[in-house]
Amino acid sequence: MRFAEFYAGSTGPHISFEVFPPKTDAAMESLRRVLPELIELGPSYMTVTYGALGSTRERTLEIAALLKREYHMESACHLTCVGSSRADLDRLLEDIRHSGVENIVALRGDPPRGETTFVPPPDGYSHGNELVAHIRRRYGTAFGIAVAGYPEKHLEAPDRESDLRYFKNKMDAGADIAITQLFYDNADFFSFVEAARTLGVTQPIIPGLLPILSVKQVRRITSLCGSKIPAALQAELEAAGEDDNRAEEVGIRQCVAQASELLRRGVPGIHFYVLNKSSHMRRIMEQLRPVLAEVRPNAPHSTANAPH
Ligand code: FAD
């Protein structure tokens, strides 16, 4: 099932999970144990990120195909322009197609560590919109395609307006949906969606949420992607300090509140960056279950239309 088919129906909002391909065999084994635990939480689909140049790249398709084949879980491979010529991309796309995986999250990718500018590979692409157009040219609608959106603008973009214009180009190139970069202030997401709609973007825009598991983790990730932490949340995290259990409690509470507001305000889905762990997601999903029942009028366990 492709992205567009999920969001066209009245079965949403859809929960989706993102995992990453581990670097070591031991971590891969651990992910194999976590996958069924995540699937039990009822996501509509799961996506698998694509590494910078290196050995984990082959594992992206391995994990996405495993999800589809062994668990009948719809999945998506992330794919970037980094280090791949058009011919390389074609080989990768053929492999994805033969595996039965039907969805791709198409990205430009980040410049290699230590570099600030993205340099396109020889006979490769410079931007996400070109990769989307390439996939559509070669494969028509055989793949569902998602692209990245940035509620707080992309780090390299000189201003919000140009970033939004490029975002619109990318959607027009043939994306079915956009999934956003992580953010902690819903006002940024709503303002991004409103601006995109004003420019004429009509496709679903799915908020991407990263539950906080430790202060160190959130510091590292937000410094890489430029997302900001609201002052009240920052104060709670500072009080937690090096105590990861306490930071995780703050993270779970914050994530449930953030997701509940998004769901009640009618988002088509939520994409969780789950960091290859399931225990925090189990607690988050348990607390979101009543909210999902409230906003999914067609859900079998919905109480929305139950007599009072
Ligand atoms: P683009 O859309 O190409 O945008 C990059 C920059 O160029 C922006 O500043 C934009 O304003 C500008 N721009 C866009 N088009 C043009 C144009 N035509 N001319 C001039 N400027 C332009 N990275 C990975 O390596 N692997 C992953 O698996 C991965 N998954 C991700 C999933 C999601 C949901 C998100 C939000 C990000 C993910 N990333 C991943 C990170 C992503 O690769 C980086 O944020 C990257 O820097 C930008 O990718 P993009 O596709 O958004 O780029």
Side-chain angles (χ1 to χ4, degrees), residues 3 16-22 45-54 56-61 63-64 75-84 89 92 96 101 103-113 115-121 124-135 144-183 188-189 192 195-196 199 201 203-210 221-227 269-276:
F3 286 132
S16 52
F17 292 157
E18 179 174 311
V19 296
F20 62 87
Y45 60 87
M46 290 174 65
T47 79
V48 189
T49 64
Y50 192 61
L53 298 172
T56 67
R57 280 191 156 186
E58 279 155 26
R59 286 195 165 140
T60 297
L61 179 55
I63 298 163
S75 62
C77 287
H78 293 217
L79 182 62
T80 74
C81 306
V82 177
S84 294
L89 289 169
L92 290 163
I96 297 173
V101 171
N103 295 293
I104 294 175
V105 182
L107 304 137
R108 184 198 70 178
D110 282 321
R113 202 171 284 217
E115 292 175 30
T116 49
T117 325
F118 179 88
V119 179
Y125 290 121
S126 307
H127 286 292
N129 66 306
E130 296 166 12
L131 179 57
V132 175
H134 179 99
I135 300 170
I145 302 179
V147 294
Y150 300 87
E152 298 174 74
K153 99 168 178 57
H154 184 256
L155 259 185
E156 294 164 34
D159 53 66
R160 183 174 185 256
E161 286 62 41
S162 65
D163 201 34
L164 274 159
R165 272 200 312 278
Y166 289 130
F167 175 66
K168 166 82 162 78
N169 281 352
K170 198 160 57 173
M171 299 307 281
D172 288 349
D176 296 302
I177 63 167
I179 301 174
T180 76
Q181 185 57 278
L182 60 102
F183 58 92
D188 290 322
F189 174 79
F192 172 69
L199 284 179
V201 173
Q203 296 95 322
I205 300 176
I206 319 301
L209 301 189
L210 174 76
I221 295 181
T222 52
S223 76
L224 287 176
C225 70
S227 304
I270 296 188
H271 187 73
F272 288 101
Y273 300 104
V274 304
L275 298 180
N276 294 10

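Atoms within each ligand, like the ligands themselves, are counted from 1 in listed order. The figures here come from the full heavy-atom set of this structure, side chains too, leaving out hydrogens, waters and symmetry mates.
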Undergrad: Enumerate the atoms of ligand 1 whose separation from the nearest heavy atom of Ile179 is less than 4.0 angstrom.
TA: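 So the answer, numbered in order with elements, is 34 (C).
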Undergrad: Just checking Glu58: does its CD atom have more than 12 heavy atoms from other residues, nucleotides or ligands closer to it than 6.0 angstrom?
TA: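 No, not enclosed.
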Undergrad: Compute the shortest N/O to N/O distance between Asn169 and ligand 1 and return yes if it is under 3.5 Å, no if not.
TA: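 Such a contact does not occur with ligand 1.
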Undergrad: Would you say ligand 1 has an N or O under 3.5 Å from any N or O of His78?
TA: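 In this structure, His78 places an N or O atom under 3.5 Å from an N or O of ligand 1.
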Undergrad: For atom 51 (O) of ligand 1, what's the nearest protein heavy atom and its distance?
TA: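 Answer for atom 51 (O) of ligand 1: Arg108 N, 2.8 Å.
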Undergrad: What's the verdict on side-chain hydrogen bond (donor to acceptor under 3.5 Å, both in side chains) for Thr49 and His78, showing C-alpha distance, side-chain angles and the deciding distance?
TA: CA-CA 5 Å; Thr49 64; His78 293 217; 5.6 Å; no
Undergrad: Kindly write out the residues that satisfy side-chain contact (heavy atoms from CB on, under 4.5 Å) with Gln181, not counting sequence neighbours, or none if the list is empty.
TA: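 Applying side-chain contact (heavy atoms from CB on, under 4.5 Å) to Gln181 gives Tyr150, Pro151, Cys225, Ser227, Tyr273.
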Undergrad: With atoms numbered from 1 as shown, which atoms in ligand 1 lie under 4.0 angstrom from a non-hydrogen atom of Thr49?
TA: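 In order of numbering, the contacting atoms are 28 (O).
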Undergrad: Please work out whether the ring planes of Tyr125 and His134 are parallel, tilted or perpendicular, with thresholds of 30° and 60°.
TA: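 Answer is perpendicular, since the angle exceeds 60°.
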Undergrad: Can you tell me the protein heavy atom closest to atom 1 (P) of ligand 1 and the distance?
TA: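 So the nearest neighbour among protein heavy atoms is Gly128 N, 3.8 Å.
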Undergrad: Looking at every non-hydrogen atom in both residues, tell me the closest pair between Leu164 and Ala195 and how far apart they are.
TA: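 Minimum heavy-atom contact is CD1-CB, 3.6 Å.
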Undergrad: For atom 35 (C) of ligand 1, which protein heavy atom lies nearest, and how many Å away is it?
TA: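 Answer for atom 35 (C) of ligand 1: Ala148 CB, 3.6 Å.
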Undergrad: Taking distance alone, with N or O pairs closer than 3.5 Å, would you say Glu18 contacts ligand 1?
TA: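 Checking ligand 1 against Glu18, no N or O pair falls under 3.5 Å apart.
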Undergrad: Run the numbers for me: atoms of ligand 1, each under 4.0 Å from some heavy atom of Thr80, listed by number.
TA: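 That gives atoms 24 (C), 25 (O), 26 (N) of ligand 1.
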Undergrad: Any idea which part of Lys170 is under 4.0 Å from ligand 1, heavy-atom wise: side chain, backbone, both or neither?
TA: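 For Lys170, only side-chain atoms sit under 4.0 Å from ligand 1.
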Undergrad: Which atoms of ligand 1 have any heavy atom of Ala157 under 4.0 Å away?
TA: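 In order of number, 9 (O), 11 (O).
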Undergrad: Determine, using heavy atoms of Phe167 and all atoms of ligand 1, whether some pair is separated by less than 4.0 Å.
TA: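 Outside the 4.0 Å threshold, so no.
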Undergrad: Return the closest protein heavy atom for atom 22 (C) of ligand 1 as residue, atom name and distance.
TA: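 Checking every protein heavy atom, the shortest distance to atom 22 (C) of ligand 1 gives His127 CE1, 3.2 Å.
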Undergrad: Quick one: does any side-chain atom of Arg57 pair with a main-chain N or O of Gly51 as donor and acceptor, under 3.5 Å?
TA: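 Yes: the side chain of Arg57 pairs with the backbone of Gly51.
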Undergrad: Does ligand 1 have an atom that lies less than 4.0 angstrom from a heavy atom of Gly208?
TA: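 The answer is no, since Gly208 has no heavy atom less than 4.0 Å from ligand 1.
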Undergrad: Kindly give the heavy-atom pair with the smallest separation between Ile96 and Cys77, and that separation in Å.
TA: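 What the structure gives for the nearest pair is CD1-CB, 3.9 Å.
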Undergrad: So which heavy atom in the protein is nearest atom 34 (C) of ligand 1, and how far is it from that ligand atom?
TA: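 Among all protein heavy atoms, the one nearest atom 34 (C) of ligand 1 is Tyr273 OH, 3.4 Å.
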Undergrad: For a side chain to side chain contact (heavy atoms under 4.5 Å, CB included) with Pro21, tell me which candidate from Ile63, Leu61, Asn276 qualifies.
TA: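 Answer to the side chain to side chain contact (heavy atoms under 4.5 Å, CB included) test with Pro21 among Ile63, Leu61, Asn276: Ile63.
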Undergrad: Answer with yes or no whether Tyr125 contacts ligand 1, where contact means a heavy atom under 4.0 Å from a ligand atom.
TA: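 No, that is not the case, since the closest heavy atom of the residue is not under 4.0 Å from the ligand.
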Undergrad: Among protein heavy atoms, which sits nearest to atom 44 (C) of ligand 1, and what does the distance come to when rounded to 0.1 Å?
TA: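 Minimum-distance protein heavy atom for atom 44 (C) of ligand 1 reads Asp110 OD1, 3.3 Å.
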Undergrad: Once rounded to the nearest 0.5 Å, what's the spacing between atom CZ of Phe17 and atom CD1 of Ile270?
TA: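 Here the interatomic distance stands at 10.5 Å.
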Undergrad: Do any N/O atoms on Asp163 end up under 3.5 angstrom from N/O atoms on ligand 1?
TA: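 It does: an N or O of Asp163 is found under 3.5 Å from an N or O of ligand 1.
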Undergrad: Could an N or O of ligand 1 be found under 3.5 Å from any N or O of Glu156, whether backbone or side chain?
TA: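 Among all N and O atoms of Glu156, none is under 3.5 Å from an N or O of ligand 1.
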Undergrad: So how far is it from Ile104 CD1 to Ile135 CD1, rounded to the nearest 0.5 Å?
TA: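 Here the rounded value is 4.5 Å.
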Undergrad: Please report which non-hydrogen protein atom sits nearest to atom 6 (C) of ligand 1, along with the residue it belongs to and the distance in Å to one decimal place.
TA: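 Checking every protein heavy atom, the shortest distance to atom 6 (C) of ligand 1 gives His154 ND1, 3.6 Å.
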Undergrad: Would you indicate which of Tyr150, Tyr50, Tyr166 comes nearest to atom 24 (C) of ligand 1 when only heavy atoms are counted?
TA: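 Result: the heavy atom closest to atom 24 (C) of ligand 1 is in Tyr50.
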Undergrad: Measure from the ring center of Phe192 to the ring center of Phe167 and say whether it is less than 6.0 Å.
TA: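 Between Phe192 and Phe167, the centre distance is under 6.0 Å.
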Undergrad: Between Thr117 and Pro111, is there a side-chain heavy-atom distance shorter than 4.5 Å?
TA: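 No. Closest side-chain heavy atoms not under 4.5 Å.
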Undergrad: Considering heavy atoms of the protein only, find what lies nearest to atom 37 (C) of ligand 1 and give residue, atom and distance to 0.1 Å.
TA: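 Answer, as residue, atom name and distance: Leu107 CD2, 3.9 Å.
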Undergrad: Quick check: closest heavy atoms across Glu18 and His271, and the distance to 0.1 Å?
TA: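 The answer is OE1-NE2, 2.9 Å.
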